[in-house]
Structure formats: structure tokens, C-alpha cells
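Written out below as C-alpha cells is the structure these notes cover.
Predicted model, so just to flag it, every value in this text is computed and none were measured.
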Amino acid sequence: MTCKVLSLPGGENGRCTSRPTRDMKGWKEILNTSLGILQQGGVIGVPTDTIYGIACLAQNSQSISNIYNVKGRNGTKPLAICVGNVEDIYRYCRVNVPDQLLRDLLPGPVTLVMERSDRLNKELNPFTSLVGVRIPDHAFIRQLAEVCSEPLALTSANISSQESTLTVEEFRDLWPKLSLVVDGGPIGEHSSPECRLGSTVVDLSVPGKFTVIRDGCALTHTVDILSNSYGLLPNS
């Protein structure tokens, strides 16, 4: 099976935090191609603000099965969801923190874990009442989530337990299992180990408290906002 690889305009310069000022047609074509593949149940490789990921539609149960097959991952390990805007979080999560807290952290390299709402596909992480939600600071994946009109299920573009990836070439072994790879260029500094840590994962499901599940690449900044700006306490 041959996997199509499409290069984002402006991706050669690294992280696309904003839409390109040139070649908007090429950008939109890749966006529409990605949308069509996702709607058919496909799994695609995508850039984020931290590492490369693979994504599918979170509300499509067959797609969820497909993404686990790509990862070679145990079905009891949860998938995060990715949405385009803070407002979308309220559809799929039960939020018990101030709205401004969400906006101070997102978009950004943080996964916030909250109680899931009834709107979310019950076959996505059926073993837990919680779900992690991301809004990466990357224009393409945010816009993709917007045009899909539903959340993406998102996980890292690597075989489970292997190193995370910063270029599309680094997960070339997965290409035969993917329907499309969107090349957004290299992410971060390859020589820095911190670049491969992925997002900082924080559980906000207990009112007034937070639990760091994974340190990730933005721990200090995240804890500073939670503790010093909003007075949340570490949940020991």
C-alpha cells in the first residue's frame, strides 16, 4: 500500500502557528483531502506543536479501531481528543475550572484531562470517565478539527513504546498503515531531548486541584499558571 505524502505550504520553515500568507489554495487542498480521508474512516499523520501525531475522527468507532491497529497499541491505553477552539471543549468535557484558565493554556503544548460529556463517542476510551483534550498551537490541525465539526482522536506518530517523532521520515515505518501523511516540516530542535517529550498532561477533573500525569515539554509554565494564577493545589 502506497501512502500519499503532502507538504504544507510554509512547512519547510518548521512549526505553522498561523495559516500561510501565500499558496492558500495548496493549504486548502490539503485540508480538504485530509477531511475526505477522515470522513471515510482513514487515519492520517499530522504535525502538531510538539511532535508528529496520527489522527482519526473520534466519533467514528471504526476509525478508533483503525488508529489502535496503526499504533500496535493496547486498547486500554486512552486516546486524547483534539478540538479547534476552547468553546468546543464544553461540548465534550465537563469543565470545572475558569474559562480563562483554559484560554491561558490553550492553544498550547498541554493536554487537559477532564470528565467526559455524554456527547463523546462511548467507544472512545470506554474504560474511563475521563478524557484528555488538546488544542495544539498549530494552524493546520486546529483548522482540520474545525472543518471536521467533531473532535479528532489524536496520539503520537510512533509505534507504542518507541521514541516520538519530529519529522515525517522518522515514522516512515507507519506509512503503509496510513491513508495520508501531512508534512509540516521539522518540529523543534532535533538535538534537544525536551523536544520529544510531547505535551504536558494535567488532570483537572477534581475541583480546585490538579495532578500532573506526564511532565512533557511545558511543565513549569503549566504548573505556574495552575498554582500561581488560579490557586489550584497539587493533588497528592
Side-chain angles (χ1 to χ4, degrees), residues 31 34-35 37-39 41-71 73-97 99 101-103 105-158 160 164 178-179 182 198-205 210-211 213-214 216 218 222:
L31 193 67
S34 301
L35 173 61
I37 288 173
L38 290 170
Q39 290 175 333
V43 180
I44 67 174
V46 288
T48 76
D49 54 350
T50 53
I51 56 179
Y52 270 87
I54 55 174
C56 70
L57 294 183
Q59 301 295 77
N60 184 319
S61 298
Q62 183 57 54
S63 297
I64 298 301
S65 176
N66 293 342
I67 203 171
Y68 275 112
N69 289 337
V70 171
K71 283 284 287 187
R73 187 176 197 175
N74 187 318
T76 61
K77 291 187 177 181
L79 299 169
I81 61 170
C82 169
V83 297
N85 299 286
V86 167
E87 291 80 4
D88 297 324
I89 296 176
Y90 292 86
R91 288 170 143 193
Y92 305 105
C93 301
R94 303 185 193 280
V95 179
N96 58 22
V97 294
D99 182 78
L101 183 155
L102 301 180
R103 297 178 189 277
L105 290 174
L106 302 170
V110 182
T111 301
L112 301 181
V113 178
M114 291 174 270
E115 290 283 342
R116 58 193 288 153
S117 78
D118 293 336
R119 286 193 179 189
L120 195 59
N121 181 5
K122 291 178 173 56
E123 295 187 42
L124 175 76
N125 311 335
F127 43 83
T128 177
S129 63
L130 305 179
V131 67
V133 61
R134 283 216 67 199
I135 306 179
D137 189 13
H138 193 287
F140 180 79
I141 193 168
R142 287 185 64 196
Q143 194 175 3
L144 182 59
E146 289 173 7
V147 299
C148 285
S149 300
E150 65 176 273
L152 302 173
L154 182 66
T155 186
S156 56
N158 58 319
S160 284
S164 57
L178 299 173
S179 301
V182 178
S199 64
T200 295
V201 182
V202 182
D203 186 338
L204 298 179
S205 63
F210 70 91
T211 302
I213 297 175
R214 182 176 73 194
T222 302

**Report entry** Side-chain heavy-atom pair Met114, Asp203 within 4.5 angstrom cut-off
**Finding:** no

Query raised in the report: Do any pairs count as a ring pair (Phe, Tyr, Trp, His ring centres under 6.0 Å) and have a residue in residues 42-64, sequence neighbours left out, and if so which ones?
Result: Tyr52-Phe171

Requested in this report: Report, as yes or no, whether the 6.0 Å neighbourhood of atom CZ on Arg91 holds more than 12 heavy atoms from other residues, nucleotides or ligands.
Outcome: no

Report task. For residues Val147 and Ser34, determine if any side-chain heavy atom of one lies less than 4.5 Å from a side-chain heavy atom of the other. Result -> no

Query raised in the report: What is the minimum heavy-atom distance between Ala153 and Leu79, and which atoms define it?
Result: CB-CD1, 4.2 Å

Show which side-chain atoms of residues 81-88 pair as donor or acceptor with protein atoms under 3.5 Å away, not counting sequence neighbours.
from	atom 1	to	atom 2	distance (Å)
Asn85	ND2	Glu146	OE2	3.3
Glu87	OE2	Arg103	NH2	3.0
Asp88	OD2	Asn85	N	3.2

Query raised in the report: Are Phe127 and Pro78 close enough that some pair of their side-chain heavy atoms sits under 4.5 Å apart?
Result: yes

Query - Non-neighbouring partners of Ser164 that pass side-chain hydrogen bond (donor to acceptor under 3.5 Å, both in side chains), sequence neighbours left out - result: none

Requested in this report: Please say which of Asp49, Leu106, Leu102, Ile141 ends up in a side-chain contact (heavy atoms from CB on, under 4.5 Å) with Ile135.
Outcome: Leu106

Query raised in the report: When rounded to the nearest 0.5 angstrom, what is the spacing between CD in Gln59 and CD1 in Ile64?
Result: 8.5 Å

Query raised in the report: Is any side-chain heavy atom of Cys148 closer than 4.5 Å to a side-chain heavy atom of Leu35?
Result: yes

Query raised in the report: Tell me, do Cys93 and Val131 make a side-chain contact under 4.5 Å, heavy atoms counted?
Result: yes

**Report entry** Side-chain (Asn121) to main-chain (Ala58) donor-acceptor, under 3.5 angstrom
**Finding:** yes

Query raised in the report: Listed by chain and number, what are the ring pair (Phe, Tyr, Trp, His ring centres under 6.0 Å) partners of Tyr92, not counting sequence neighbours?
Result: none

Query raised in the report: For the residue pair Pro109 and Thr50, what are the closest heavy atoms and their distance?
Result: CB-CG2, 3.4 Å

Requested in this report: Please lay out, stage by stage, how Val43 and Asn69 fare under the test side chain to side chain contact (heavy atoms under 4.5 Å, CB included).
Outcome: CA-CA 10 Å; Val43 180; Asn69 289 337; over 6 Å; no

Query raised in the report: Which pairs pass salt bridge (Lys or Arg N to Asp or Glu O under 4.0 Å) with one or both residues in residues 115-127, sequence neighbours excluded?
Result: Arg94-Asp118

**Report entry** Residues which pass side chain to side chain contact (heavy atoms under 4.5 Å, CB included) with Ser63, listed by chain and number, not counting sequence neighbours
**Finding:** Cys56, Asn60

Query raised in the report: Are Val46 and Leu154 side-chain neighbours, meaning at least one heavy-atom pair lies under 4.5 Å?
Result: yes

Query raised in the report: With a 4.5 Å heavy-atom cut-off, do Thr211 and Val202 have their side chains touching?
Result: no

Query - Residues which pass side-chain hydrogen bond (donor to acceptor under 3.5 Å, both in side chains) with Thr111, listed by chain and number, not counting sequence neighbours - result: Ser199

Query - Donor-acceptor pair, side chain of Arg134 and main chain of Gly108, under 3.5 angstrom - result: yes

Query raised in the report: How close do Ser179 and Ile37 get, heavy atom to heavy atom, and via which atoms?
Result: CB-CG2, 3.4 Å

Query raised in the report: Residues two or more places apart in sequence or in another chain: which of them pass side chain to side chain contact (heavy atoms under 4.5 Å, CB included) with Thr128?
Result: Asn125, Leu130

Requested in this report: Sequence neighbours left out, what passes side chain to side chain contact (heavy atoms under 4.5 Å, CB included) with Leu101? Give chain and number order.
Outcome: Val97, Pro98, Leu105, Leu204, Leu226, Tyr230, Leu232

Report summary line: Sorted by chain and number, sequence neighbours left out, side-chain hydrogen bond (donor to acceptor under 3.5 Å, both in side chains) with Ser156 holds for Lys71, Asn158

**Report entry** Side chain proximity check, Leu178 to Ile44, heavy atoms < 4.5 angstrom
**Finding:** no

